[in-house]
2 protein chains.
Amino acid sequence: MPAPRTVNHDCPIRDVLDRVGDAWSVLVIAELDKAPCRFNALRRVIDGVSQRMLAVTLRQLERDGLVTRRVTDGRPPQVTYALTPRGVSLHAALAPLADWAARHQQAIRESRAAFEAAQAAAA
Amino acid sequence: MPAPRTVNHDCPIRDVLDRVGDAWSVLVIAELDKAPCRFNALRRVIDGVSQRMLAVTLRQLERDGLVTRRVTDGRPPQVTYALTPRGVSLHAALAPLADWAARHQQAIRESRAAFEAAQAAAA
DNA sequence: CGGTATCCGCGCCGATACTG
DNA sequence: CAGTATCGGCGCGGATACCG
């Protein structure tokens, strides 16, 4: 297949944004940064994520070497996920963005309200 | 209404990631950070973006107070987009992530290849 | 030149059912 | 407990046509 998907540029940041832009990946990383966690525990704490999306997200993160999947057979079977050093470093690289978001959140909301008010006035 | 939905958390970073996760927003911001730019010039340099998506993206960024839209009537009419200080600060907050992406890109590709090789071996 | 309006396909994701 | 398989809707975005 020639064109799998939006080519954009081979700009390296796009690979990362495809992951980071996903709603769940960041939440999973943030949670695992606190402590390793099991599947259903993760599911409960993330709240809103479906079983399928959590599985898919974890598989992607594992694939990229950002989390590890450790299986402990027994009754009941246990699977523990944890961040790799690479995953930790990504979480760290995300911090400035999170900071920015927290600092500008209010101003952005006001901008949006103002913009919509202007739109309404134009109509 | 108990839980409207797609709430995740009111975590402020989600608002930002909805924008940043969008394929085009970051490219537009990066381009406008170099210099203000007109619509079609932006279209040419971004390469791959449809007219519709560029318009939508710019509207969102304007709405959030990240870019300004300046119209100069004449023949032909001109519309110039530029980053606001807030937009510049977002671009700066993105830098560590871009750095991280550049530094880990190669390792991630290798992880993916290894993962897929393991998958193939399991089959 | 710089858009908006409309249509429509396809890909993502939630729901459901089943397995080791 | 920790998943995979399958289906179906719906929303995102490309293509196209048209306007100031």
Side-chain angles (χ1 to χ4, degrees), chain A residues 1-8 14 17-28 31-32 36-63 67-82 115 119 122-123, chain B residues 3-8 14 17-28 31-32 36-63 67-82 115 119 122-123:
Chain A
M1 292 290 103
R5 184 77 187 120
T6 56
V7 285
N8 302 353
R14 280 254 40 94
L17 287 177
D18 285 344
R19 200 100 309 134
V20 156
D22 168 43
W24 308 116
S25 293
V26 174
L27 295 175
V28 169
E31 191 55 34
L32 291 182
C37 199
R38 292 177 34 204
F39 188 87
N40 278 342
L42 219 40
R43 232 191 127 176
R44 276 187 297 274
V45 74
I46 300 285
D47 181 67
V49 70
S50 66
Q51 186 177 30
R52 183 180 174 277
M53 282 317 291
L54 182 55
V56 168
T57 298
L58 287 168
R59 208 58 69 244
Q60 285 176 335
L61 294 175
E62 186 191 3
R63 180 183 129 107
V67 310
T68 57
R69 178 175 183 274
R70 197 166 49 241
V71 181
T72 317
D73 278 2
R75 286 296 303 255
Q78 286 189 190
V79 178
T80 304
Y81 292 92
F115 189 81
Q119 291 298 78
Chain B
R5 226 17 29 183
T6 69
V7 284
N8 306 350
R14 280 255 39 96
L17 287 177
D18 285 344
R19 200 101 307 137
V20 157
D22 168 43
W24 309 116
S25 293
V26 174
L27 295 175
V28 168
E31 190 55 35
L32 291 181
C37 198
R38 292 175 39 200
F39 188 87
N40 278 342
L42 218 41
R43 234 193 123 172
R44 275 187 298 274
V45 76
I46 301 285
D47 180 67
V49 70
S50 66
Q51 186 176 30
R52 182 180 176 278
M53 283 317 292
L54 181 55
V56 168
T57 298
L58 286 169
R59 208 59 70 244
Q60 285 175 335
L61 294 175
E62 186 192 1
R63 181 184 128 108
V67 310
T68 56
R69 179 175 181 273
R70 197 165 50 241
V71 182
T72 317
D73 279 1
R75 284 296 304 261
Q78 287 189 192
V79 179
T80 304
Y81 291 92
F115 188 81
Q119 292 296 82

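Being a predicted model, the structure only gives us computed values, none of them experimental. Keep in mind that the numbers below use all heavy atoms, side chains included, and drop hydrogens, waters and symmetry copies. In the text below, chain A, chain B and the rest are named by the order of the sequence lines, each starting its count at 1.
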Both A/D22 and B/Y81 contact DNA chain C. Taking the nearest nucleotide for each, which residue is further toward the 5' end? B/Y81

Kindly write out the residues that satisfy salt bridge (charged side-chain N to carboxylate O under 4.0 Å, His left out) with [X], not counting sequence neighbours, or none if the list is empty.
X: B/R69; result: none
X: B/R44; result: none
X: B/R43; result: none

Can you name the residues that form a side chain to side chain donor-acceptor pair (under 3.5 Å) with [X], not counting sequence neighbours?
X: B/E62; result: B/R59
X: A/Q60; result: none
X: A/N40; result: none

Closest approach to the side chain of [X], judged atom by atom: which nucleotide of [options] is it?
X: A/W24; options: D/dG3, C/dG14, C/dG3; answer: C/dG14
X: B/R69; options: D/dA2, D/dT4, C/dG2; answer: C/dG2
X: A/N40; options: D/dA2, D/dG3, C/dG3; answer: D/dA2

Which whole-number value in Å describes the distance from [X] [atom1] to [N] [atom2]?
X: B/Q60; N: D/dG13; atom1: CD; atom2: P; answer: 9 Å
X: B/L54; N: C/dC1; atom1: CG; atom2: C1'; answer: 13 Å
X: B/E62; N: C/dG2; atom1: CD; atom2: P; answer: 15 Å
X: B/D73; N: C/dG2; atom1: CG; atom2: P; answer: 12 Å
X: B/L42; N: C/dG3; atom1: CG; atom2: P; answer: 10 Å
X: B/D18; N: D/dG11; atom1: CG; atom2: C1'; answer: 14 Å
X: B/R59; N: D/dG13; atom1: CZ; atom2: P; answer: 16 Å

Identify whether any heavy atom of B/R75 sits under 4.0 Å from a base atom; if not, whether one sits that close to sugar-phosphate; answer base, sugar-phosphate or nothing.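 Contact class for B/R75: none.
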
With a non-hydrogen cut-off below 4.0 angstrom, is A/R43 in contact with a base, only sugar-phosphate, or nothing? nothing

If you compare all heavy atoms of B/L54 against all heavy atoms of B/V28, which two are closest, and at what distance to 0.1 Å?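 Minimum heavy-atom separation between B/L54 and B/V28: CD1-CG2, 4.0 Å.
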
With sugar-phosphate taken as primed atoms, P, OP1 and OP2 and all else as base, the protein-contact string of nucleotides 15-20 of chain C at under 4.0 Å (heavy atoms; B, S, -) is B-B--B

Would you mind listing every side chain to side chain donor-acceptor pair (under 3.5 Å) that reaches into residues 49-58 of chain A, with sequence neighbours excluded? none

With nearest nucleotide decided by heavy atoms, which residue, A/L58 or B/M53, maps closer to the 5′ end of DNA chain D? A/L58

Net bend of the helix from C/dC1-D/dG20 to C/dG20-D/dC1, end axes of five pairs each, nearest 10 degrees: 50°

Can a donor-acceptor pair be found, under 3.5 Å and without considering hydrogens, that links the side chain of B/R19 to the backbone of B/L61? no

